[in-house]
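One structure is given here, and the rest of the page talks about it.
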2 protein chains.
Amino acid sequence: MNYELLLREHKLKVTPQRLGILTLMQNAGHLDVEELFVLIKKQFSSISLATLYKNINAMLENSLITEIKIPRHKSKYEIAKEPHIHLLCQKCNEFIDVSVNIDSLVDEVSMKSHYQLMDSSIVLCGVCEKCQAL
Amino acid sequence: MNYELLLREHKLKVTPQRLGILTLMQNAGHLDVEELFVLIKKQFSSISLATLYKNINAMLENSLITEIKIPRHKSKYEIAKEPHIHLLCQKCNEFIDVSVNIDSLVDEVSMKSHYQLMDSSIVLCGVCEKCQAL
DNA sequence: TACTAAAGGATAATAATTATCTTTTAAGAG
DNA sequence: CTCTTAAAAGATAATTATTATCCTTTAGTA
């Protein structure tokens, strides 16, 4: 993914800090603000927490990234992608994506409610395979 | 629903404040902390915000109520009930429940991920029927 | 290379939540 | 029906999370 281009398309300046944040999200997956701050500090030791927040908000507004609100946990952020489902292991806190087609669910809900649906936030909680074995 | 009994079962004292909070949640549906505080103040003018928070947390820990985390909105609380789906209208902010069987979705996710799933948090966002007409 | 609006950095302010302490009260024992 | 006590209420301080402000720096463009 070319983040420089993506930022420019949204009339956001391409700064090293922004590229760093986006790259971190891509590589490290689902991170909360605190985790992001620790990691980004390694690259930009003088980066301000305010800068991180401002960038997160700017990128959210432009749909470059998505906030995932998770029951009993802090919000995590990820590069925006096709709608998918999130899984949380309640034992080890592993947090992963799983790609499942949710069209039939959305259709059924749409039918029943007469809502025109465009967005989904789905988090399923349980126990991952490893933790089941313990 | 007999809330007195429910509270006792969880070894929580039955206080007028608690009964008031639960009754409000039952009658008014999905409320955030601020909305709850305004409403409960009408019944208990001297109630403290701390009391509200402490009760929300105690009831959450005992699964009497559920917190619903909603993209771009404050958390709302509802009486715990069977798993269901939440709908948010992005225009008028209407927030409703819709009961849809999610077993097949959960089964599919479980199959693919080998997670043993017990809990779900599903919020779909779109435009309600009324707002579509505008 | 120079200009300017946007972004960065430092820090203050605000908002949300939790902790602490004292007083009150629900619940059970006698 | 008292008495006792642990839990809960209420008031407020402390903490945490987030946003706003202000000045400096820099990316983008002429």
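Each chain gets a letter, A, B and so on, in the order its sequence line appears, and its residues count up from 1.
For D/dT18, the OP1/OP2 oxygens have no side-chain nitrogen or oxygen of A/Asn57 closer than 4.0 Å. Close to C/dG8, at under 4.0 Å from its OP1 or OP2, lies a side-chain N or O of A/Asn55. Contact annotation: A/Arg8 side-chain N/O to D/dA27 OP1/OP2 distance is not under 4.0 Å. Phosphate contact (OP1/OP2 of D/dT19, side-chain N/O of A/Tyr53, threshold under 4.0 Å): absent.
Between A/Tyr77 and A/His30, a ring centre-to-centre spacing not shorter than 6.0 Å is recorded.
Between A/Asp119 and B/Arg72 there is a salt bridge, since a side-chain N of the basic residue sits under 4.0 Å from a carboxylate O of the acidic one.
Nucleotide C/dG9 holds its C1' atom 17 Å from the CD atom of A/Gln43, rounded to whole Å. Rounded to whole Å, atom C1' of C/dG8 lies 13 Å from atom NZ of A/Lys41. A straight line from CD1 of B/Ile56 to P of C/dA16 spans 13 Å, rounded to a whole angstrom. One can place CZ of B/Phe37 at 10 Å from C1' of D/dG10, the figure rounded to the nearest angstrom. A straight line from CG of B/Asp32 to P of C/dA16 spans 9 Å, rounded to a whole angstrom. If you measure from atom CE of A/Met59 to atom C1' of C/dA7, you get 11 Å, rounded to the nearest angstrom. Distance A/Leu52 CG to C/dA10 C1': 15 Å, rounded to the nearest Å. Across the protein-nucleic acid pair, B/Lys69 atom NZ and C/dT17 atom C1' stand 12 Å apart, rounded to whole Å.
Across the interface with DNA chain D, nearest-nucleotide mapping of B/Phe44 and A/Glu34 shows B/Phe44 to be the residue nearer the 5′ end. Between B/Ile47 and A/Lys74, the residue whose closest nucleotide on DNA chain D is further toward the 5' end is B/Ile47. In terms of position along DNA chain C, the nucleotide closest to B/Val33 lies nearer the 5' end than the nucleotide closest to the other residue of the pair B/Leu12 and B/Val33. Where B/Lys13 and A/Thr51 meet DNA chain C, the nucleotide closest to each residue was compared, and A/Thr51 sits on the side nearer the 5' end.
Closest to the side chain of A/Ala50, from the set C/dA10, D/dA8, C/dA7, is C/dA10. Here the side chain of B/Ser48 is nearest to one of D/dT12, D/dA17, C/dA10, namely D/dT12. Of the listed nucleotides (D/dG10, C/dA26, C/dG8), C/dG8 has the atom at the smallest distance from the side chain of A/Gln17.
Just one residue in the list B/Met25, B/His10, B/Arg18 forms a side-chain contact (heavy atoms from CB on, under 4.5 Å) with B/Leu64, and that residue is B/His10. For the side chain to side chain donor-acceptor pair (under 3.5 Å) with A/Tyr115, the qualifying choice from B/Gln132, B/Glu129, B/Glu94 is B/Glu94, the only one to do so.
Judged purely by distance below 3.5 Å, without hydrogens or angles, the side chains of A/Gln26 and A/Tyr3 pair a donor atom with an acceptor atom.
On a pure distance criterion of 3.5 Å, a polar donor-acceptor pair joins the side chain of A/Lys54 and the base of C/dG9.
In this structure, the side chains of A/Leu19 and A/Glu4 come closer than 4.5 Å at one or more pairs of heavy atoms.
Using a 4.0 Å heavy-atom distance criterion, B/Thr15 is classed as a sugar-phosphate-only contact.
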